[in-house]
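Throughout, numbering of the chain's residues begins at 1 and tracks the sequence.
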Amino acid sequence: MTKKQIPLILVTGFLGSGKTSLINAVLKNLDDKRIALLLNDFGSMVIDRDLIESDKPVVQISALNGGQIFCSCLSGSFVKQTIAMAALDIDMIIVETSGLAKPSTLVELTTIIEARSEHVIFYAGMLCVIDAVRYRMLSTVVGNLNEQILYSDMLIINKTDLVDANALVRLESELKRLVPAVPMIRTVHCDVPFDIFTSLRCDRSRFPKDVTMFEGWGTYGRPSSYTFLPKDNITLQNVQTFAVEVSPSLLRLKGFLPMQDGTWIKVDAVGSQVDVSNTEKTPQVEPGLVALFNPSFDGKVSIETAWEKVVG
């Protein structure tokens with residue numbers, strides 16, 4: 001009897017581009033499909049687990065944190081956890097990579113996964129979520145952003161409602177120069193159907209042959225992370241004020257903070273786009289905010305100073 005083959009699909013995209021929103025949109029249209037998820041957070045906590053909103057059955061959600069899966073720090077665990085999923089009764093494995101993923105080792109790792117799973121798992125391809133608002137600015141200072149694009153088999157251009165038509169055309173032209181044969185889809189809030197995953201076609205022959213071009217982290221070096229747990233005077237209003245002040249200086253700010261009434265505040269901020277709201281859902285992560293920032297910026301001092309300014 002031939003073993004059932006399980007496609008492995010990766011979702012990448014820079015911090016705050018909309019990867020979790022894409023997965024949530026897809027999970028709402030699963031029908032009878034059975035999915036396993038592997039979530040990768042660069043920071044010390046796996047916050048994205050608590051941002052998954054689908055009420056459809058997901059067979060398993062696993063997580064890796066403290067780095068990115070294409071690096072030696074986590075690649076072994078990524079391979080091991082993915083291969084273990086071959087024993088599950090599932091139709092697909094979806095991996096949400098860290099926004100700081102550097103996928104130049106993609107071919108090597110997926111080849112190992114295919115071989116060690118006896119080809120029960122096969123690599124189907126990678127989608128890259130593009131932040132239409134921030135792409136041009138980020139691409140000049142963050143080396144891994146275009147690396148993600150070059151290894152992807154489909155580009156999801158998100159937040160198209162926040163840029164004008166001419167800027168969107170220029171962005172698409174720029175992306176086509178990088179990956180002329182890769183299909184692109186415009187979206188708002190990453191609202192896409194499940195069948196975009198089943199339509200993926202990976203072509204490894206077009207991947208860059210010289211991976212040395214991806215060494216290092218670009219202009220500002222490897223991003224830093226800081227986990228911050230404010231304990232004084234936590235209210236929705238002062239957390240909102242704080243997030244609005246610090247977020248533009250950071251690459252990403254997200255997390256959950258506990259309130260005295262048993263509810264939680266969810267913080268999800270990227271640049272000037274700040275979402276601070278109450279939630280009754282109890283997170284599975286420790287309380288706190290994870291901030292990611294360029295190492296040239298003293299994020300720890302700036303965050304603590306900003307919080308002190310807000311609460312007095």
Side-chain angles (χ1 to χ4, degrees), residues 4-14 17-27 29-31 33-40 58 62 64 68-70 75 78-79 81-83 85-86 88 90-131 144-158 172 175-176 178-187 190-209 211 214:
K4 175 182 176 180
Q5 285 199 302
I6 303 170
L8 169 63
I9 294 174
L10 275 60
V11 176
T12 191
F14 197 70
S17 59
K19 296 184 298 299
T20 304
S21 296
L22 175 68
I23 291 176
N24 280 331
V26 167
L27 292 181
N29 300 295
L30 280 183
D31 296 326
K33 301 294 184 183
R34 295 170 59 82
I35 304 298
L37 292 177
L38 178 59
L39 309 176
N40 173 214
V58 176
S62 301
L64 291 168
Q68 52 99 14
I69 59 174
F70 300 108
S75 59
F78 166 54
V79 169
Q81 288 201 29
T82 305
I83 292 171
M85 290 178 176
L88 301 173
I90 54 176
D91 299 295
M92 183 179 292
I93 299 170
I94 299 175
V95 178
E96 180 187 343
T97 72
S98 159
L100 296 170
K102 289 177 56 62
S104 59
T105 59
L106 172 69
V107 175
E108 176 186 356
L109 294 179
T110 54
T111 300
I112 291 172
I113 289 170
E114 289 175 336
R116 292 185 183 175
S117 69
E118 298 180 343
H119 296 277
V120 171
I121 298 173
F122 72 94
Y123 177 61
M126 183 163 74
L127 302 97
C128 184
V129 184
I130 306 293
D131 184 335
N144 65 306
L145 179 54
N146 286 346
E147 183 179 342
Q148 293 175 6
I149 292 170
L150 289 169
Y151 281 92
S152 291
D153 304 288
M154 182 180 291
L155 304 184
I156 308 297
I157 304 176
N158 192 33
E172 290 177 330
L175 294 171
K176 284 178 181 177
L178 280 174
V179 282
V182 173
M184 302 179 191
I185 298 176
R186 295 183 180 185
T187 68
C190 278
D191 189 11
V192 296
F194 178 76
D195 61 13
I196 67 161
F197 278 27
T198 58
S199 67
L200 274 181
R201 297 292 181 268
C202 176
D203 179 9
R204 295 180 182 179
S205 66
R206 65 172 180 76
F207 291 164
K209 301 297 186 292
V211 298
F214 302 123

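- Side-chain contact between Phe70 and Asn40 is absent, with no heavy atoms from C-beta onward closer than 4.5 Å.
- Looking at heavy atoms from C-beta onward, Phe78 lies in side-chain contact with Val95 at the 4.5 angstrom threshold.
- Contact check for Thr110 versus Met126: no side-chain heavy atoms found under the 4.5 Å cut-off.
- Considering every non-hydrogen atom in both Asn29 and Pro193, the closest pair reads ND2-CA, 4.5 Å.
- If you take CG on Leu109 and CG on Leu8, they are separated by 10.5 Å, rounding to the nearest 0.5 Å.
- The two residues Ala36 and Leu88 make their nearest non-hydrogen contact at CB-CD1, 4.3 Å.
- Residues meeting the side-chain hydrogen bond (donor to acceptor under 3.5 Å, both in side chains) test with Gln81, sequence neighbours left out: none.
- The side chain to side chain contact (heavy atoms under 4.5 Å, CB included) test applied to Asn158 returns Val129, Thr187, Cys190, not counting sequence neighbours.
- Within the 4.5 Å cutoff, side-chain heavy atoms of Tyr151 are placed close to those of Pro208.
- When atom types are taken as modelled, the side chain of Lys19 and the backbone of Glu96 share no donor-acceptor pair closer than 3.5 angstrom.
- Distance check: Leu175 CG to Leu155 CG gives 6.0 Å after rounding to the nearest 0.5 Å.
- Within the model, atoms CD1 of Ile130 and OG of Ser152 stand 7.5 Å from one another, a figure rounded to the nearest 0.5 Å.
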| message | Working note: Met92 + Thr198, criterion side chain to side chain contact (heavy atoms under 4.5 Å, CB included); need CA distance, chi angles, decisive distance, verdict. | response | CA-CA 9 Å; Met92 183 179 292; Thr198 58; 4.2 Å; yes
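- Here Glu108 pairs with nothing under the salt bridge (charged side-chain N to carboxylate O under 4.0 Å, His left out) rule; sequence neighbours left out.
- A heavy-atom distance below 4.5 Å is not found between the side chains of Ile69 and Leu38.
- Summarising the geometry of Ile90 relative to Met85, their closest heavy-atom pair is CD1-O, 3.6 Å, with the distance given to 0.1 Å.
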| After noting the C-alpha distance and the side-chain angles of Val192 and Phe197, does the key distance pass the side chain to side chain contact (heavy atoms under 4.5 Å, CB included) rule? | CA-CA 10 Å; Val192 296; Phe197 278 27; 5.7 Å; no
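- Annotation for Ile83 and Ile121: closest pair CA-CD1, 4.1 Å, computed over non-hydrogen atoms.
- Interatomic distance, Cys128 SG to Leu145 CG, rounded to the nearest 0.5 Å: 6.5 Å.
- Distance check: Leu100 CG to Phe14 CZ gives 5.5 Å after rounding to the nearest 0.5 Å.
- Considering only heavy atoms from C-beta on, Val179 comes within 4.5 Å of Ile149 through its side chain.
- A 4.5 Å side-chain heavy-atom check between Phe194 and Ile35 finds at least one atom pair inside the cut-off.
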| message | Evaluate Leu27 against Leu37 for side chain to side chain contact (heavy atoms under 4.5 Å, CB included), listing each step before the verdict. | response | CA-CA 10 Å; Leu27 292 181; Leu37 292 177; 4.0 Å; yes
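- Rounded to the nearest 0.5 Å, atoms OG1 (Thr82) and CG (Leu64) are 8.0 Å apart.
- Minimum interatomic distance between Lys4 and Val120 (heavy atoms only, all atoms of both residues): O-CG1, 3.3 Å.
- Partners of Thr12 according to the side-chain hydrogen bond (donor to acceptor under 3.5 Å, both in side chains) rule, which considers only residues two or more places apart in sequence or in another chain, are Thr97, Gln148.
- Closest approach of Tyr123 to Arg204, counting heavy atoms only: CB-NH2, 3.3 Å.
- You'll find the side chain of Pro7 reaches within 4.5 Å of the side chain of Phe122, heavy atoms only.
- Checked against salt bridge (charged side-chain N to carboxylate O under 4.0 Å, His left out), Arg116 has no partners two or more places apart in sequence or in another chain.
- By the salt bridge (charged side-chain N to carboxylate O under 4.0 Å, His left out) test, Asp153 pairs with Arg206, sequence neighbours left out.
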